[in-house]
K.L.:
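Input: one structure, supplied below.
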Amino acid sequence: MTDRIASDRLEKLEALRAAAIDPYPARVPQPTAIAACLEGIDARQGETVVVGGRLGQVRDFGKLRFAHLRDRTGEIQIGFRRDDLAGFWPQRKLVETADHVVVRGELGKTQKGEDTVWAHEVTLAGKCLRHPPEKWHGMKDTEARYRQRYADLFANPEVRDTFVLRSRIVQELRRYFHLLGYLEVETPILQPIFGGATARPFTTHHNTLDMPLFLRIAPELYLKRLIVGGMERVFEVGRVFRNEGISMRHNPEFTMLESYEAYADYRTIMERVEGLFAHLCTTVVGGSKVVFREVEYDLQPPFQKRAYCELLAEKNDGLDFFDGEAVLRRARELELKTDGMPLEKVANDIFEATVEDSLGGPVFVYDYPTAICPLAKQRPDDPRLAERFELFIAGMELGNAFSELNDPQDQEARFRKQLEHVDEESPSELDEDYVAALEYGMPPAGGLGIGIDRLCMLLTGSSTIRDVVLFPLLRQVKDVPIQADQDAAGDQSGEG
RNA sequence: GGGGGCGUAGCUCAGUCGGUAGAGCAUCGGCCUUUUAAGCCGCUGGUCGAAGGUUCGAGUCCUUCCGCCCUCACCA
């Protein structure tokens with residue numbers, strides 16, 4: 001038996017059909033949520049209920065069998081007694097672990113006092129044809145878990161808990177912005193010019209327009225066009241795509257929150273971020289403390305605030321970001337690449353190499369050098385610095401925010417400067433339409449970007465991004481054992 | 001892309017020095033009306049990731065390839 005369709009389960013399927021039982025009926029009795037059945041159950045003994053879900057381990061005593069039934073809301077034991085199930089009894093063994101069933105029965109208890117639905121009518125709702133993962137160890141193989149998340153989800157309940165939590169995090173994040181009067185919007189994912197971040201894009205092509213397109217690396221430039229248009233407070237939660245490496249912190253497509261608020265600056269946005277974390281702590285986390293990679297973090301605002309250049313100097317023997325010679329010297333010490341790179345990028349690499357990992361946080365790192373912030377407004381008192389901050393927690397960059405540059409001439413000049421060092425990560429052309437938008441006048445505004453996946457990692461205690469992404473990108477394979485054996489599985493081709 | 005590790009039954013895993021391919025669970029058969037990792041008895045189940053090589057003999061040693069994980073690089 002090398003095929004993954006279990007032959008014994010196929011035989012049962014055929015036996016069911018022979019007994020005129022549809023293993024995949026179009027309609028079944030509508031079940032009520034198991035959690036609702038459990039509510040006040042002690043006062044409801046003998047009440048008839050209908051529950052539905054996937055069948056757990058069956059414990060067979062000949063004329064009596066037990067199994068647990070799980071739906072999205074909870075789990076309850078089902079008791080199958082021969083004397084109550086004259087019609088179903090001959091077929092009882094054709095319905096087994098991992099099948100979907102709907103059971104009509106009465107609420108009761110076992111001799112040991114466990115809440116149980118004593119079945120009077122059993123309807124097979126969907127037959128499972130594959131061997132389910134092992135009952136005790138669950139599904140451990142990480143590759144199989146990611147490739148077959150559907151099995152991971154029912155074999156490992158904590159996986160589902162994580163994604164329920166993720167859903168609630170996003171829901172509460174939306175609610176937080178709605179309460180502040182923000183409007184949720186959607187902007188193009190297919191973009192003729194990519195911008196708003198530094199990253200290699202995915203490329204695609206529109207046939208009818210015969211036009212090359214990029215999958216967005218950030219929604220930033222479109223959202224700020226909306227600020228020009230007078231929408232004043234907008235946010236978007238959406239997928240962005242970066243054609244880069246995969247790691248515990250990186251998936252090629254990930255979810256980003258971006259928000260823009262007119263008449264705000266980066267100080268306002270710091271308050272917004274602190275308010276967001278406070279909101280998430282009370283509504284989702286149930287406290288301000290989270291444990292991530294065995295370290296506890298307290299997310300109670302206010303957060304620590306540290307100046308970028310100070311941190312750089314602290315960790316690098318007083319290094320001055322703007323002292324080119326010292327920067328190159330230090331970069332060589334750290335064995336960082338320097339050839340052909342702009343000095344500010346080298347200096348920032350030093351920052352990332354020496355400072356970031358030590359930022360347990362939560363900490364706002366603020367006032368980044370303007371040279372590495374092409375979309376942020378300069379500090380009026382020191383144009384070398386930009387009004388920008390990033391939020392670090394657990395050494396991870398979780399958020400990025402700035403006072404948005406709204407001077408169209410300055411913006412165009414900075415775009416032109418970017419084009420001097422063209423590489424795969426830089427836009428290939430100047431986004432003239434964005435400059436045109438700014439020329440119509442954008443109010444001063446504060447903008448924010450938060451990596452939702454990383455936020456979820458932190459709040460769910462998941463050490464890898466793949467545990468908060470339902471279907472992380474994996475290399476496609478044709479010949480691993482996970483694929484059904486064509487011969488044994490019959491005609492499995494295509495989905496029509 | 002660089003470095004390290006791993007891949008054995010449907011699932012979770014052993015497999016010693018190179019010498020007949022193993023266990024538990026699941027499945028199947030038998031007993032059992034209060035179990036909950038049910039229990040007891042019996043059976044079945046293998047392309048040892050793939051290909052090649054060394055050897056009388058390879059799960060084990062060598063080479064190449066595939067996949068996953070970890071780590072570094074880059075980013076959020």
Side-chain angles (χ1 to χ4, degrees), chain A residues 1-12 56-68 75-84 93 96-98 108-116 118 128-147 151 155 196-200 217-218 240-258 335-337 345 348-349 352-353 356 390-392 396-400 423-425 449-455 457 463-466 472 474-482 485:
Chain A
M1 269 281 303
T2 57
D3 56 308
R4 302 288 288 245
I5 300 275
S7 62
D8 51 283
R9 285 178 179 255
L10 260 188
E11 283 163 18
K12 287 174 191 166
Q57 197 54 44
V58 178
R59 301 174 289 279
D60 185 0
F61 290 82
K63 298 183 188 66
L64 168 74
R65 20 175 57 199
F66 290 107
H68 278 88
E75 195 174 47
I76 194 167
Q77 179 167 264
I78 310 294
F80 304 84
R81 288 187 287 220
R82 182 194 60 182
D83 300 344
D84 293 341
K93 290 193 173 177
E96 60 195 320
T97 303
K109 290 190 189 292
T110 61
Q111 287 175 4
K112 294 220 169 126
E114 175 161 353
D115 296 320
T116 299
W118 295 104
C128 170
L129 289 183
R130 293 193 178 222
H131 292 295
E134 209 245 11
K135 63 181 174 183
W136 185 241
H137 296 93
M139 195 175 190
K140 274 194 176 162
D141 181 74
T142 46
E143 178 179 356
R145 287 185 46 222
Y146 297 143
R147 289 195 191 277
T198 310
R200 288 164 63 186
I217 58 172
V240 298
F241 308 84
R242 299 190 181 177
N243 204 339
E244 288 168 350
I246 293 172
S247 79
M248 289 175 87
R249 293 186 183 79
H250 300 87
N251 195 55
E253 52 180 305
F254 63 100
T255 303
M256 186 137 88
L257 159 85
E258 283 202 14
E335 293 172 3
L336 297 172
K337 278 196 294 187
K345 176 124 173 53
N348 190 48
D349 284 351
E352 288 177 1
E356 283 197 357
E390 292 198 348
L391 171 65
F392 285 89
M396 277 195 304
E397 187 185 335
L398 255 90
N400 181 20
D423 55 27
E424 284 177 299
E425 298 186 351
I450 289 183
I452 297 296
D453 311 85
R454 287 184 179 175
L455 177 68
M457 286 169 67
S463 57
T464 164
I465 196 168
R466 293 182 161 191
L474 299 179
R475 200 180 298 271
Q476 189 177 21
V477 287
K478 279 270 150 42
D479 241 7
V480 295
I482 276 168
D485 182 317

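Small disclaimer: the values here were computed from a predicted structure and weren't measured. Below, chains carry the letters A, B, ... as their sequence lines are ordered, and counting in each starts from 1.
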K.L.:
To the side chain of A:E244, which of B:U33, B:U27, B:C74 is closest?
P.N.:
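Out of B:U33, B:U27, B:C74, the nucleotide with an atom closest to A:E244's side chain is B:C74.
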
K.L.:
When the P atoms of B:C66 and B:A23 are considered, how many whole Å apart are they?
P.N.:
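Approximately 35 Å lies between the P atom of B:C66 and that of B:A23.
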
K.L.:
Which nucleotide, in any strand shown, forms a Watson-Crick or G-U wobble pair with B:C6, with both distances under 3.5 Å?
P.N.:
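Looking at the geometry, B:C6 pairs with B:G67.
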
K.L.:
Rounding to an integer number of Å, can you tell me how far A:K93 NZ sits from B:C28 P?
P.N.:
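Computing the A:K93:NZ to B:C28:P distance gives 8 Å.
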
K.L.:
For A:R145 and B:C11, what is the distance between atoms CZ and P respectively, to the nearest whole Å?
P.N.:
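Going from A:R145 (CZ) to B:C11 (P), I get 15 Å.
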
K.L.:
Taking the nucleotide of RNA chain B with the nearest heavy atom to each, does A:K109 or A:D60 sit closer to the 5' end?
P.N.:
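By nearest-heavy-atom nucleotide position, the 5'-most residue is A:K109.
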
K.L.:
Would you mind reading off the distance between A:I246 atom CD1 and B:C68 atom C1', rounded to a whole angstrom?
P.N.:
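Value for this atom pair: 12 Å.
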
K.L.:
From CZ of A:R130 over to C1' of B:C11, roughly how many Å is that when rounded to an integer?
P.N.:
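The distance from CZ of A:R130 to C1' of B:C11 comes to 14 Å, rounded to the nearest Å.
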
K.L.:
By side-chain hydrogen bond (donor to acceptor under 3.5 Å, both in side chains), which residues pair with A:S247, not counting sequence neighbours?
P.N.:
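Scan of A:S247 (side-chain hydrogen bond (donor to acceptor under 3.5 Å, both in side chains), adjacent residues dropped) gives A:H250.
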
K.L.:
Tell me every residue that passes side-chain hydrogen bond (donor to acceptor under 3.5 Å, both in side chains) with A:E75, counting only those two or more places apart in sequence or in another chain.
P.N.:
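Here no residue qualifies.
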
K.L.:
Separation of A:R82 atom CZ from B:C32 atom C1', in whole Å?
P.N.:
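Value for this atom pair: 12 Å.
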
K.L.:
Please pick, from B:U35, B:C68, B:U27, the nucleotide with the shortest atom-to-atom distance to any side-chain atom of A:R147.
P.N.:
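From the listed options, B:C68 comes nearest.
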
K.L.:
Can you pull every protein N or O that's under 3.5 Å from an N or O on nucleotides 23-26 of chain B?
P.N.:
unit_1: B:G24; atom_1: N2; unit_2: A:E134; atom_2: OE2; d: 3.4
unit_1: B:C25; atom_1: O3'; unit_2: A:K135; atom_2: NZ; d: 3.0
unit_1: B:A26; atom_1: OP1; unit_2: A:K135; atom_2: NZ; d: 3.2

K.L.:
If the condition is side-chain hydrogen bond (donor to acceptor under 3.5 Å, both in side chains), which residues does A:T116 pass it with, not counting sequence neighbours?
P.N.:
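So A:T116 forms a side-chain hydrogen bond (donor to acceptor under 3.5 Å, both in side chains) with A:Q77.
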
K.L.:
Under 4.0 Å, counting only non-hydrogen atoms across every strand here, what does A:L391 touch: a base, just sugar-phosphate, or nothing?
P.N.:
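Nothing, no heavy atom under 4.0 Å.
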
K.L.:
To the side chain of A:D349, which of B:C70, B:U36, B:C74 is closest?
P.N.:
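Nearest nucleotide to the side chain: B:C74.
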
K.L.:
Given B:U27, B:A73, B:U35, which nucleotide is nearest the side-chain atoms of A:E114?
P.N.:
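Output: B:U35.
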
K.L.:
Between B:G39 atom P and A:F66 atom CZ, what is the distance in whole Å?
P.N.:
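After rounding, the reported distance stands at 15 Å.
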
K.L.:
A:F241: which residues meet the ring-ring contact (aromatic ring centres under 6.0 Å, His included) condition with it, sequence neighbours left out?
P.N.:
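In terms of ring-ring contact (aromatic ring centres under 6.0 Å, His included), with neighbours along the sequence ignored, A:F241 is linked to no residue.
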
K.L.:
Expressed as a whole number of angstroms, how long is the span from A:L64:CG to B:U36:C1'?
P.N.:
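Taking atom C1' of B:U36 as the reference, CG of A:L64 is at 12 Å.
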
K.L.:
Which of these nucleotides, B:A38, B:C74, B:U27, is closest to any side-chain atom of A:R59?
P.N.:
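Nearest nucleotide to the side chain: B:A38.
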
K.L.:
Measuring from the side chain of A:R81 (C-beta onward, heavy atoms only), which nucleotide among B:U33, B:U27, B:U36 has the closest atom?
P.N.:
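Among the listed nucleotides, the one closest to the side chain of A:R81 is B:U33.
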
K.L.:
Does the base of B:U35 carry an N or O that pairs as donor and acceptor with the side chain of A:Q77 under 3.5 Å?
P.N.:
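Flag set: donor-acceptor pair detected.
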
K.L.:
Applying salt bridge (charged side-chain N to carboxylate O under 4.0 Å, His left out) to A:R9 and A:E96, what does each step give before you reach the verdict?
P.N.:
CA-CA 9 Å; A:R9 285 178 179 255; A:E96 60 195 320; 3.7 Å; yes

K.L.:
In whole Å, I'd like the distance from the CG atom of A:L10 to the P atom of B:G10.
P.N.:
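Atom CG in A:L10 sits about 15 Å away from atom P in B:G10.
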
K.L.:
Taking only residues two or more places apart in sequence or in another chain, which ones pass side-chain hydrogen bond (donor to acceptor under 3.5 Å, both in side chains) with A:E114?
P.N.:
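For A:E114, the residues satisfying side-chain hydrogen bond (donor to acceptor under 3.5 Å, both in side chains) (neighbours in sequence not counted) are A:H68.
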
